[in-house]
Undergrad: 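Supplied in structure tokens, the structure appears directly below.
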Amino acid sequence: MEDVNEDGNLAFKWLKKRGVGGKKKEIQFYESFMYDGVEYKLYDCVYMYKEGLQEPYIGKLTKIWERPENLKKVKVHWFFRPEEISKWLGETKTLENEIFFASGGGEGLANINPLEAIAGPCNVVCVSNDSRNPQPSDEELKAADFIFCRTFDVQSCTILDKMDDQVGGLEVKYIFNRKEGGNVILSSGTIISSETQRILTKTVAYMLKDDAKVDPLPNLVERNTESERHLKNNKYGVEKDKMKVNMLSAEKVENKDKKIKSDDEKSVQLKVAADSNSKQQDKMPSDDVITCEKQNNGKISGDDASFKVPDNSKTWITMNSKEKLKSLGNTNNLEGVLSNHKNRYREFIVTRKPKAESSTWFRPSPWEERLKNAYDEGSAILLHNLKPDYTSEDVEDIIWHAFNEKNCDAKILQRSAAVCSQHYSQALVLLKTKEAAQSILTKLDEECLMLSHERPLVATPCPPVLTKKNLTFFGHLAIDKTIFQNQPREDEAVSTSHFSQPNTIEYDMAMEWCLQQKRCDKWWANLDKQQGLELKKANKDLQLKRA
Amino acid sequence: MEPSVEEKYAEFEQRVKRTIYIDNLSPQVTEEVLKKALNQFGNVKDVEFIPTYFKSCKVNAALVEMESVKQAEDIILEMSDSPLMISGMPRPVRALKAQAEMFDERPKKQQKRIVCYWMDPSHQNFEVANKIKTLVKKHAAEAAFLMEQQELEEQKLHNQQLETLKVNHRKYELIVGAEKEESVKKLATRYGTKLSDY
């Protein structure tokens, strides 16, 4: 638990002061503070707690102050989840974990709240391609709880792709990612946003699945930086349009693009969308999207059965010049992209997943309830063959690294005496959606994720869960007014405990149960031993082959 | 100072040693009942039930942390000597030493790194690894089957004992009834024996 002060409140401390305000200079503004063990700074994103609300609100702290009498206040500029504004989203496609920053003016833009309503820090990363936005690194993207690049105008109730110098009265530099750390990319035109690159990685990983022999070629990243340099030299002033193009919804592009349909439906499609900033450049084809299709030839073989391109894998690569587009369009370079992901089979070290909600404010519903819900939704899976000393956290980390699945909730099943195997432990994993669960199941089935000590991870769907406490229990007998051996035992005997005395029927029966227990123990021990031998043999095969 | 990982784990190990694993518990047993039952032998510090999530697994067990390692060991010894009934009979509960894996929240043993990798399907070991995967699944199925068998056996024993108990009960009622009807007295006079012998 967190430190608790005398008032019974969560630990709180002001850190950095700003100025004072108010008529009598009675209001003190602050830049940062410590709350519930977490440091918050101005312009940080936070979860805001609201009673009775399943999902907390997300907002950006734009002002922090204290009034006399210890009244701590924060001004919060809101983000909207797609479901909150679904009415106005219409057909607009949203990215995974995308939220919208409030813009315009009026109700719903920002509110003043008591500081205590902050439920925890929220990691929101701006993926806007805007030149003013320091581009996030892959790690940062991976750690993000939410991403955003568009705004929602609370006046006109429309989605806006552009951000002016001020958005909803807030300077745009406070909206974009902070320029700190070493991960600031200066280029004005990042050709392939990290987001798309990440998606590309995924797709390519699928493509590569059955073909590890791809010639190493100059990879895309190099190409990237090259063009970045190129860009900088030429000093395009094209930032504003860039965003628009990136935001072209899948549908839009689909309509525009010239499709080169191949007979083979399973052919791998890699769509390359050209940036519309070409209007400031020399002639670009009127339709700014060109599809290049990589056919299902021998080199990149998509095994029909196992080849599944996830929905979000439509890959848009925005290009800044025609030449580059051409160069990427040719097959060799595509493979260059692929070789970039050859390290897919390399080992990865499982590190600690960033905590999504570190605050003690959120009391998640009890595990049993969550399991029940997940089971009903089909989003629960059971993992086998884990090392017995893994903790639940370890399992969550593994899932995060292997499947990039942040919203998971794992629990190692506690071993009970005989029943569970000594060789491995099992864990229940609850995921956000059924699709996520299914994709992990198929992936683990078709492919092979090796954990430390050469253990392949196995997943099965979650077996039926107990709905309510199961009350059938064998071995406790009761007859109406049961009378044992002259001594009338009343109901009170049931609620107390006692050692059984020899020379009673009870004792005889108890011995029968002991016998039964011993027999079962033997079964389990035998099973365990046999399974151990089988495993050992299999592992030996593994090592033999390796040698 | 935050205790180091090793210190935390050492502390946890001590806790494991102080803890008794109890199964064959009736689902009706509550924390209170269990506490009361074991407070006869020592001081219970904490009771934690091991949850069962699946319909297929019907093991009701709990972890009971005692004040000292000695207490825990003594209780286990005593309970293996005579069958202890909690909240019902005649099926006694069973006490065993607890194992680290039985605990829900357990600290990391050491700052170990977990290294994973997706195996290249063209790798020579891919087949073997797949075989192990099948084996693991098979083992899980075997365990589930055995669980079922165990339950069947338990049910059999339960029914059998219920039958025995009913028969005994009837016999006893017969005797009590005979006493009430004074037919015993009559019989005693007939055979010329004294009732006090009975």
Side-chain angles (χ1 to χ4, degrees), chain A residues 210 212 344-345 347-350 371 384-385 388-389 391 394 398 402 414-417 419 425 447-452 456 458 463-466 469-471 473-477 479 483 494-495 497-500 505-506 509-510 512-514 516-517 520 523 527 531 534 538 541-542 545-546, chain B residues 21 23 26-27 37 50 52-56 59 61 82-92 94 96 101-102 104 106 108-109 113-122 124-126 128-129 131-133 135-137 139-140 142 146-147 150 153-155 157-158 161-162 165 168-169 172:
Chain A
D210 287 295
R344 162 171 164 63
Y345 295 123
E347 290 181 336
F348 54 88
I349 292 160
V350 176
L371 171 67
H384 305 257
N385 205 15
D389 63 348
T391 61
D394 289 338
I398 290 169
Q414 289 163 258
R415 178 189 289 173
S416 49
V419 182
S425 59
E447 302 185 40
C448 187
L449 178 66
M450 289 301 244
L451 307 177
S452 303
V458 176
V465 294
L466 272 177
K469 255 298 172 241
N470 184 4
L471 289 174
F473 179 74
F474 298 116
H476 282 181
L477 306 172
I479 286 185
I483 307 157
V494 174
S495 61
S497 60
H498 63 273
F499 273 129
S500 189
I505 291 185
E506 183 198 51
M509 287 182 169
E512 281 174 11
W513 277 103
C514 288
Q516 164 70 15
Q517 276 166 23
C520 286
W523 290 351
L527 181 76
Q531 290 185 343
E534 282 173 15
D541 284 353
L542 203 67
K545 282 227 173 169
R546 170 176 271 209
Chain B
Y21 165 88
D23 66 0
S26 152
I50 296 181
T52 46
Y53 300 122
F54 307 127
K55 277 188 181 141
S56 53
V59 177
S82 355
L84 180 71
M85 312 285 160
I86 299 180
S87 285
M89 31 206 185
R91 183 173 176 178
R94 174 176 70 160
L96 295 168
E101 287 83 7
M102 293 171 175
D104 184 21
R106 54 172 193 261
K108 276 181 195 280
K109 198 165 187 172
R113 283 199 313 192
I114 302 172
V115 183
C116 305
Y117 64 95
W118 287 98
M119 193 182 255
D120 189 333
S122 64
Q124 48 181 355
N125 273 348
F126 194 72
V128 189
K131 240 185 238 162
I132 296 180
K133 272 159 63 177
L135 198 63
V136 171
K137 279 186 195 165
H139 286 174
E142 282 171 355
L146 192 53
M147 192 71 234
Q150 182 178 333
E153 287 288 319
E154 282 170 6
Q155 192 172 8
L157 186 59
H158 177 91
Q161 289 192 341
L162 195 64
L165 197 65
N168 273 311
H169 182 60
Y172 187 75

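Here is how names work: the chains are called A, B, and so on, in the same order as the sequence lines, proteins then strands, and each is numbered from 1.
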Undergrad: CD/A:Gln414 to CE/B:Met102 distance, rounded to the nearest 0.5 angstrom?
TA: 10.0 Å

Undergrad: Who among A:Ile398, A:Leu527, A:Leu451, A:Leu371 has the most heavy-atom pairs with chain B under 4.5 Å?
TA: A:Leu527

Undergrad: Might you point out which heavy atoms bring B:Pro90 and A:Gly475 nearest each other, and give the distance in Å?
TA: CD-O, 3.0 Å

Undergrad: May I ask you to name which of B:Ile132, B:Leu146, B:Val136, B:Leu135 has the most heavy-atom pairs under 4.5 Å with chain A?
TA: B:Leu146

Undergrad: State, to 0.1 Å, how close B:Met85 and A:Ala510 come at their nearest heavy-atom pair, and which atoms those are.
TA: CE-CB, 3.5 Å

Undergrad: Got a second to check how far B:His158's NE2 is from A:Met509's CE, nearest 0.5 Å?
TA: 10.5 Å

Undergrad: Of all heavy-atom pairs between B:Pro92 and A:Trp513, which one has the smallest distance, and what is that distance?
TA: CD-CB, 3.5 Å

Undergrad: For the pair B:Glu154 and A:Gln516, evaluate side chain to side chain contact (heavy atoms under 4.5 Å, CB included) and give the outcome as yes or no after the intermediate values.
TA: CA-CA 8 Å; B:Glu154 282 170 6; A:Gln516 164 70 15; 4.0 Å; yes

Undergrad: For A:Gln517 and B:Arg94, indicate whether the former's side chain and the latter's backbone hold a donor-acceptor pair under 3.5 Å.
TA: no

Undergrad: Would B:Leu157 and A:Phe474 count as a side chain to side chain contact (heavy atoms under 4.5 Å, CB included) if you check the C-alpha gap in whole Å, the side-chain angles of each, and the deciding distance to 0.1 Å?
TA: CA-CA 8 Å; B:Leu157 186 59; A:Phe474 298 116; over 6 Å; no

Undergrad: Do you know the tightest heavy-atom contact between A:His476 and B:Ser87?
TA: ND1-O, 3.3 Å

Undergrad: For B:His139 and A:His384: C-alpha separation, side-chain torsions, deciding distance, then whether side chain to side chain contact (heavy atoms under 4.5 Å, CB included) applies.
TA: CA-CA 10 Å; B:His139 286 174; A:His384 305 257; over 6 Å; no

Undergrad: Run the side chain to side chain contact (heavy atoms under 4.5 Å, CB included) test on A:Met450 and B:Asn125 for me, step by step, so that the C-alpha distance in whole Å, both residues' side-chain angles and the decisive distance to 0.1 Å come before the verdict.
TA: CA-CA 11 Å; A:Met450 289 301 244; B:Asn125 273 348; 6.0 Å; no

Undergrad: Please report the closest heavy-atom contact between A:Phe473 and B:Pro27, naming both atoms and the distance.
TA: CB-CD, 3.4 Å

Undergrad: Flag the one option from B:Lys137, B:Glu153, B:Gln155, B:Lys131 with the top tally of heavy-atom pairs under 4.5 Å to chain A.
TA: B:Gln155

Undergrad: Under 4.5 Å from any heavy atom of chain B, what part of A:Glu534 do you find: side chain, backbone, both or neither?
TA: both

Undergrad: Tell me the closest heavy-atom pair linking B:Ser82 and A:Phe499, and the distance in Å.
TA: O-CE2, 3.2 Å

Undergrad: When rounded to the nearest 0.5 angstrom, what distance separates CZ in B:Arg91 from OG in A:Ser500?
TA: 15.0 Å

